[in-house]
Participant: 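This is the structure I have questions about; it appears just below.
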2 protein chains.
Amino acid sequence: MVVARRPGSYECGIDAAMDVIGGKWKVLILWALDERARRFGELRRLLPGVTEKVLASHLRELEADGIVHREVFDEVPPRVEYSLTPLGASLNGALEPLGAWGREHVLGAEVRAPRR
Amino acid sequence: MVVARRPGSYECGIDAAMDVIGGKWKVLILWALDERARRFGELRRLLPGVTEKVLASHLRELEADGIVHREVFDEVPPRVEYSLTPLGASLNGALEPLGAWGREHVLGAEVRAPRR
DNA sequence: CGGCATCCCCAAGGATACTG
DNA sequence: CAGTATCCTTGGGGATGCCG
């Protein structure tokens with residue numbers, strides 16, 4: 001996103017959080033990882049439209065922020081798994097009310113969607 | 001903002017909400033309006049760094065999304081007040097856990113170990 | 001006071017190709 | 001499979017000026 005990446009201080013906790021989840025696909029990544037760990041290609045398939053470059057950079061940012069854990073398995077073919085850290089899980093929990101709000105007030109308004 | 005402005009459907013409620021609050025200053029606007037109604041110039045002073053153009057466009061988007069109410073008082077000098085609609089208030093409530101998360105895990109971490 | 005109208009910039013994000 | 005490496009596009013947002 002934008003806001004103000006690491007300017008040293010924020011007005012309130014919400015911008016700080018918005019900074020962490022501000023990427024275009026980040027909340028979707030968190031959502032996809034909520035259930036279980038996922039491989040890179042798996043995530044790519046779960047997020048139709050994301051490019052490899054953007055997915056990789058988002059994952060690296062989330063890793064730097066301590067939200068996701070990246071584990072490399074030394075195998076052939078290579079395998080890398082991404083999972084939520086405890087911090088990431090807590091973020092997802094904090095996101096839940098917002099998701100419920102969106103489902104109820106935005107999605108509900110335009111469609112009676114059977115989400116995920 | 002980013003994500004996908006009104007593409008007709010979202011993956012989950014969170015993107016839908018992210019779409020609404022995706023502007024650089026929107027959550028700060030919501031925060032400022034949470035306490036009471038505010039005038040345009042008042043908001044400008046509360047958000048150091050925002051330009052008139054951006055503040056006005058954000059307010060209009062929030063108004064279009066049914067989040068804020070704009071009331072014009074036909075006086076001289078002109079007076080315009082912005083306030084949260086019930087929907088806006090509920091959004092603010094849904095944002096609260098996220099704000100708490102940010103305060104606890106981002107702001108707190110920065111204070112203890114300032115980076116950059 | 002509370003705005004639009006303009007012009008402009010730049011970083012987030014997309015497309016494509018290549019590699020360990 | 002899981003990424004880099006490059007190049008390019010886009011539009012959100014900043015700066016400035018004018019107006020009812």
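The sequence lines fix the lettering, A, B, ..., with proteins before strands; numbering per chain opens at 1. All heavy atoms count here, side chains included; hydrogens, waters and symmetry mates do not.
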Participant: Return all side-chain donor-acceptor pairs below 3.5 angstrom for residues 48-59 of chain B, not counting sequence neighbours, or 'none' if the list is empty.
Facilitator:
| residue | atom | partner | partner atom | Å |
| --- | --- | --- | --- | --- |
| B:T51 | OG1 | B:V54 | N | 3.4 |
| B:E52 | OE2 | B:R44 | NH1 | 2.8 |
| B:S57 | OG | B:V54 | O | 3.0 |

Participant: Could you go through residues 84-102 of chain B and list every donor-acceptor pair under 3.5 Å that involves a side-chain atom there, pairing it with any protein atom two or more places apart or in another chain?
Facilitator:
| residue | atom | partner | partner atom | Å |
| --- | --- | --- | --- | --- |
| B:T85 | OG1 | B:G66 | O | 2.6 |
| B:T85 | OG1 | B:I67 | O | 3.1 |
| B:T85 | OG1 | B:L87 | N | 3.3 |
| B:T85 | OG1 | B:G88 | N | 3.0 |
| B:S90 | OG | A:W101 | NE1 | 2.8 |
| B:S90 | OG | B:L87 | O | 2.7 |
| B:N92 | ND2 | B:L30 | O | 3.0 |
| B:N92 | ND2 | B:D34 | OD1 | 3.0 |
| B:W101 | NE1 | A:S90 | OG | 2.8 |
| B:W101 | NE1 | B:H105 | ND1 | 3.3 |

Participant: What integer distance in Å separates B:R38:CZ from C:dC1:P?
Facilitator: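 Going from B:R38 (CZ) to C:dC1 (P), I get 17 Å.
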
Participant: Which residues pass the side-chain hydrogen bond (donor to acceptor under 3.5 Å, both in side chains) test with A:R45, not counting sequence neighbours?
Facilitator: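 Once residues adjacent in sequence are excluded, A:R45 has no partner under the side-chain hydrogen bond (donor to acceptor under 3.5 Å, both in side chains) criterion.
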
Participant: Quick one: list whatever passes side-chain hydrogen bond (donor to acceptor under 3.5 Å, both in side chains) with A:R70, sequence neighbours left out.
Facilitator: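 Only A:Y82 meet the side-chain hydrogen bond (donor to acceptor under 3.5 Å, both in side chains) criterion with A:R70.
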
Participant: Take the protein atom CG of B:D74 and the nucleotide atom C1' of C:dC1, then report the distance between them rounded to whole Å.
Facilitator: 13 Å

Participant: Please tabulate the protein-to-nucleotide N/O contacts below 3.5 Å involving nucleotides 2-7 of chain D, giving atom names and distances.
Facilitator:
| residue | atom | partner | partner atom | Å |
| --- | --- | --- | --- | --- |
| D:dA2 | OP1 | A:R39 | NE | 2.8 |
| D:dA2 | OP1 | A:R39 | NH2 | 3.0 |
| D:dA2 | OP1 | A:V80 | N | 3.4 |
| D:dA2 | OP2 | A:G41 | N | 3.0 |
| D:dG3 | OP1 | A:R70 | NE | 3.4 |
| D:dG3 | OP1 | A:R70 | NH2 | 2.4 |
| D:dG3 | OP2 | A:Y82 | OH | 2.5 |
| D:dG3 | N7 | A:E52 | OE1 | 3.2 |
| D:dG3 | O6 | A:E52 | OE1 | 2.9 |
| D:dT4 | OP2 | A:R60 | NH2 | 3.1 |
| D:dT4 | O4 | A:E52 | OE1 | 3.4 |

Participant: Could you list the residues that satisfy salt bridge (Lys or Arg N to Asp or Glu O under 4.0 Å) with B:E81, not counting sequence neighbours?
Facilitator: B:R79

Participant: Nearest whole Å is fine: how far is C:dG3 P from B:E61 CD?
Facilitator: 15 Å

Participant: Could you check how far CG of B:L28 sits from C1' of D:dG13, rounded to whole Å?
Facilitator: 15 Å

Participant: Tell me, please, which residues at least two apart from B:E42 pass side-chain hydrogen bond (donor to acceptor under 3.5 Å, both in side chains).
Facilitator: B:R38

Participant: Expressed as a whole number of angstroms, how long is the span from B:E71:CD to C:dC1:C1'?
Facilitator: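 Whole-Å distance recorded here is 17 Å.
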
Participant: Report yes if a side-chain nitrogen or oxygen of B:H58 is closer than 4.0 Å to either non-bridging phosphate oxygen (OP1 or OP2) of D:dG13; otherwise report no.
Facilitator: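 For D:dG13, OP1 or OP2 has a side-chain N or O of B:H58 closer than 4.0 Å.
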
Participant: Passes side chain to side chain contact (heavy atoms under 4.5 Å, CB included), A:L62 versus A:K26? Steps please.
Facilitator: CA-CA 8 Å; A:L62 289 170; A:K26 286 190 182 176; 3.9 Å; yes

Participant: Between B:L55 (CG) and C:dC4 (C1'), how many Å, whole number?
Facilitator: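 Value for this atom pair: 13 Å.
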
Participant: Kindly calculate the angle separating the two end axes of the helix from C:dC1-D:dG20 to C:dG20-D:dC1, each obtained from five base pairs, and round it to 10 degrees.
Facilitator: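 The end axes of the helix from C:dC1-D:dG20 to C:dG20-D:dC1 are about 50° apart, to the nearest 10°.
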
Participant: side-chain contact (heavy atoms from CB on, under 4.5 Å) with A:V76: which residues, sequence neighbours excluded?
Facilitator: none

